[in-house]
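Encoded as C-alpha cells, the structure appears first; notes follow it.
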Amino acid sequence: MNSHFASLNIDDFYVRRLRDLNIETPSAVQAAAIPVALEGKDVVAQSQTGSGKTLAYLLPLLHKIDKTAKEIQAVILVPTRELGMQILLTLEQLTEGTGIRSQSLIGGAAISRQIDRLKLRPQIVVGTPGRIMELLKVRKLSFHHVRSVVVDEVDQVFELGSMQEVEAILKSMMRDRQVLFFSATMPQPIRAVIDRWMNEPVYVQVHPEQRTSQTLEHLYFVCEDRDKIDTLRRIVRLYNPPAAIVFVNETDDVAEVVGKLQYAGLSIEALYGEAGKQERAKVMQQFRAGKFQLLLATDIAARGLDIPHVTQVINLDPPIDADHYVHRVGRTGRMGKKGTAISIITPKERFIINKFSKALGIEIHEKELSYGKVVEPAQRRRFEEQRQVRVEPGRRGDGGAEEAAPRGGGLPAYKPAPPKAAAAKARISAEPAPAFGAAAAPNDSGREAAVRPATAAAPANKRKNDRAREKDRKNKGAPRWLKDKQNKPGT
Ligand code: AMP
C-alpha cells in the first residue's frame, strides 16, 4: 500500500485537504484504483463497503477537471438521493475555494430549480440516471465534453431498472470518455454492459474473497416471528449503540414497525424509498446529527450510506441474498472501525443464515439473551444447569433473576423488568415457610415449586391455618360491610 496520497500523484492541494479531514494514508482500493484511473483507463472496482471507494474515483476525477472551462466534464451516477447528497457533500468539502462547481441532479426534486442552477455551469454533476435522462431529452444538459463517468453502486443502479438509461447516457458522450464502475458486489448482468461500453477495463479487486469487513462481528438471535420486535427492543436496550440501522424487506412494514418500537420507548425514525424527498432529507440530517438512535430502512434507501457513528446493523427481516447482506452490514465496521451485524430470525430462517455464512465465508454466531446478557446457547444451558444445582432444599432466596444468574462473562449489564419467571419466583419466595413437615421448602425456583407436592403431607391444623390466612388475604381491601357480613357465623 502507498504510504501517502502524494505518492499517488494526487495534487498537493487535495493532499492537504484530505489531511484536514484526517485522511492521510490511502486505503487498499484507493492505492489500487487511483493510479489506473489517473492513466485514463476504464476501471471496474470491487471492494468491500466502507473501504474508501468514493475517494478512489473522486480524486482522479478531480485531477482532470479544468476549472476554467464551463462545460460538464464529469458525471457520477448513483442509485439514490441519499447517496447522491453524500457524494456531493464530499465533493464540496474537497473543492471548496477551488472554483470547481458541482451540482446534484436527483429525481424527486423540482426539475425547474435544477434547470435554473445548471446556468451556474457546473463542471461535475451527481445524479440519478432517470433525472439525468429527462434533462438530456429536453436538451438542458450536454455531455459532449464529459471526460469521465462513474457509476457508483452500479449493481443497485441496474437492479433498480436503470440499465437502459445508463447505456443511453453513455451513448450521449464522446467515445473517448473514461468509464468507472464501483460496487462491493458485481452480479452477472453488469458484465455484458462492461463488454459493450468499456475499453479494455482494468479490474481492481481488493480481497474479492473477503466481501465483508474483517472488523465486523456477525451474530444472530432466534425467536418466533411474533417476538421479533421485542427481541429487537431487548437487543437495543442491552447494547445501547450510539446509532444503529434496522433493516426490513418491505416498505409496507415500515410504519407498523416504527410505531411499535416507538411505543416500546425506542428512539427510531424511518427512511424508506417511498417517503417524500423532504421527509427523507430531514430524517437523514437528524440521524447524522445523532438526534435519534435507530434508523429503520429498506435496502434501497440505505445503500452506500456512510454514517460514521453507526456501530450496529440489525436485520429484522433477513436480506434476500448474500449480496444484500454485504451491503446492509457494510453500513458499519467501515474503514477499520469495529461494528456488529445482528440478524433476528425465526427457527425456519436458520437455513438463510447458513447460506450467507457459506457464500461469504464468514462465521455468523448464534447468541441468546439470558438474564440481561448476550450469551452463547451452550452458555445459557450451563446457566440453567447451575441454577438447578444452586437451588437447595430449605433455602429461601429473594428470587431476583439477576441473582440467580451466574456472574461473569464481562457482558454489558442490562436491567430489564423482571421476566415472568422471575416475577413468579418472587411471589413464591414471599410465601411463608411451612410450619413443619412439608415435603419441600419454598425455594427460588419456580419450576421446583410447581412440582412440589403441595400441602398433601401437612397436618390438618396447618391446612386450617392456611385457609384462615387465605380468607384474611382475600378480605383485605373489602368494604367494612362485606367483611362484617363474611365474619358472621355461617358465612
Ligand atoms: P466510502 O467507502 O467511500 O463510503 O468511505 C468510507 C469512509 O471512510 C468515509 O467516511 C471516508 O471519509 C473515509 N475514508 C475514505 N478514505 C479514507 C482513508 N484513506 N483514510 C481514512 N478514512 C478514509
Side-chain angles (χ1 to χ4, degrees), residues 1-11 14-35 37-38 43 45-63 76-96 102 126 150-157 180-186 204-208 210-216 242-243 245 284 287-290 297 301-311 313 326-339:
M1 192 188 288
N2 288 277
S3 59
H4 206 276
F5 281 99
S7 59
L8 295 179
N9 286 331
I10 297 297
D11 194 295
Y14 293 117
V15 174
R16 284 197 302 275
R17 246 318 120 88
L18 290 172
R19 201 175 300 140
D20 292 344
L21 298 169
N22 281 327
I23 298 178
E24 308 229 15
T25 312
S27 69
V29 67
Q30 291 161 359
I34 291 173
L38 281 175
V43 176
Q46 185 180 359
S47 92
Q48 289 160 17
T49 52
S51 55
K53 289 196 285 284
T54 315
L55 288 177
Y57 62 76
L58 282 187
L59 292 170
L61 185 143
L62 284 169
H63 193 84
I76 302 165
L77 299 173
V78 291
T80 63
R81 173 189 165 75
E82 282 69 28
L83 184 59
M85 298 318 287
Q86 188 174 290
I87 293 165
L88 194 72
L89 201 77
T90 310
L91 263 175
E92 284 170 354
Q93 278 178 328
L94 289 172
T95 59
E96 196 190 341
S102 312
V126 182
V150 179
V151 189
D152 196 359
E153 301 293 349
V154 58
D155 61 333
Q156 196 186 22
V157 169
L180 306 125
F181 280 3
F182 278 76
S183 180
T185 52
M186 288 282 170
V204 171
Q205 290 191 306
V206 179
H207 304 304
Q210 191 185 302
R211 297 176 57 205
T212 58
S213 160
Q214 278 184 310
T215 52
L216 267 178
I245 303 184
M284 275 316 298
F287 189 53
R288 280 186 197 280
R303 175 63 84 93
L305 291 186
D306 176 48
I307 299 152
H309 65 300
V310 169
T311 56
V313 163
V326 168
H327 286 291
R328 283 186 183 186
V329 303
R331 299 312 101 225
T332 183
R334 299 165 72 75
M335 287 305 296
K337 284 196 207 150
K338 284 195 171 157

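Both ligands and their constituent atoms are indexed starting at 1 by order of listing.
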Point to revise | Element-labelled atoms of ligand 1 that are located less than 4.0 Å from some non-hydrogen atom of T25 | key: 18 (C), 19 (N), 20 (N)
Point to revise | Distance from atom 12 (O) of ligand 1 to nearest protein heavy atom, with residue and atom | key: I23 CD1, 3.7 Å
Review point. Under 3.5 Å between some N or O of ligand 1 and some N or O of S51?
Key: yes
Check your understanding: Which bit of F5 is near ligand 1, meaning a heavy atom under 4.0 Å away: side chain, backbone, both or neither?
Key -> side chain
Study note, to complete from the structure: Quick note on ligand 1: atoms under 4.0 Å from a heavy atom of S27 include exactly 19 (N)
Point to revise | Region of K53 that comes within reach of ligand 1 [heavy atoms, distance under 4.0 Å] | key: backbone
Revision key, fill the gap. Quick look: D306 vs ligand 1, heavy-atom contacts under 4.0 Å, and the answer is side chain
Review point. Relative to the heavy atoms of L55, which atoms of ligand 1 are at a distance of less than 4.0 Å?
Key: 15 (C), 16 (N)
Practice item. With heavy atoms under 4.0 Å as the rule, classify the contact between L21 and ligand 1 as side chain, backbone, both or neither. Key: neither
Review point. Between G52 and ligand 1, does any nitrogen or oxygen pair lie at a separation below 3.5 Å?
Key: yes
**Study point:** Polar atom proximity, R334 to ligand 1 (N or O, under 3.5 Å)
**Key:** yes
Practice item. Ignoring angles and geometry beyond distance, decide whether T54 reaches within less than 3.5 Å of ligand 1 through its nitrogen or oxygen atoms. Key: yes
Point to revise | D155 side chain near R303 side chain, heavy-atom distance below 4.5 Å | key: yes
Review point. Quick one: are Q48 and Q210 in side-chain contact, heavy atoms under 4.5 Å?
Key: yes
Exercise for review: State whether a side-chain donor-acceptor pair under 3.5 Å links H63 with N9.
Suggested key: no
Review point. So, S47 side chain and V206 main chain: donor-acceptor pair closer than 3.5 Å or not?
Key: no
**Study point:** Sequence-distant partners of E82, side-chain contact (heavy atoms from CB on, under 4.5 Å), two or more places apart
**Key:** T80, L271, R280, M284, L305
Check your understanding: Which atoms of ligand 1 have any heavy atom of G50 under 4.0 Å away?
Key -> 2 (O)
**Study point:** Close side-chain approach of T49 to H327, heavy-atom, < 4.5 Å
**Key:** yes
Practice item. Please write down residue, atom name and distance for the protein heavy atom closest to atom 13 (C) of ligand 1. Key: M335 CG, 3.9 Å
Exercise for review: Return yes if some donor-acceptor pair links the side-chain N/O of E153 with the main-chain N/O of V78 below 3.5 Å, else return no.
Suggested key: no
Check your understanding: Heavy-atom distance under 4.5 Å between the side chains of L8 and P26, does that happen here?
Key -> yes
Point to revise | Non-hydrogen side-chain atoms of L216 and V313 separated by less than 4.5 Å | key: no
Point to revise | ligand 1-proximal atoms of Q30, by part, heavy-atom distance under 4.0 Å | key: side chain
Check your understanding: Taking the non-hydrogen atoms of P308, is any one of them nearer than 4.0 angstrom to ligand 1?
Key -> no
Check your understanding: Any side-chain heavy-atom pair from D152 and L180 closer than 4.5 angstrom?
Key -> no
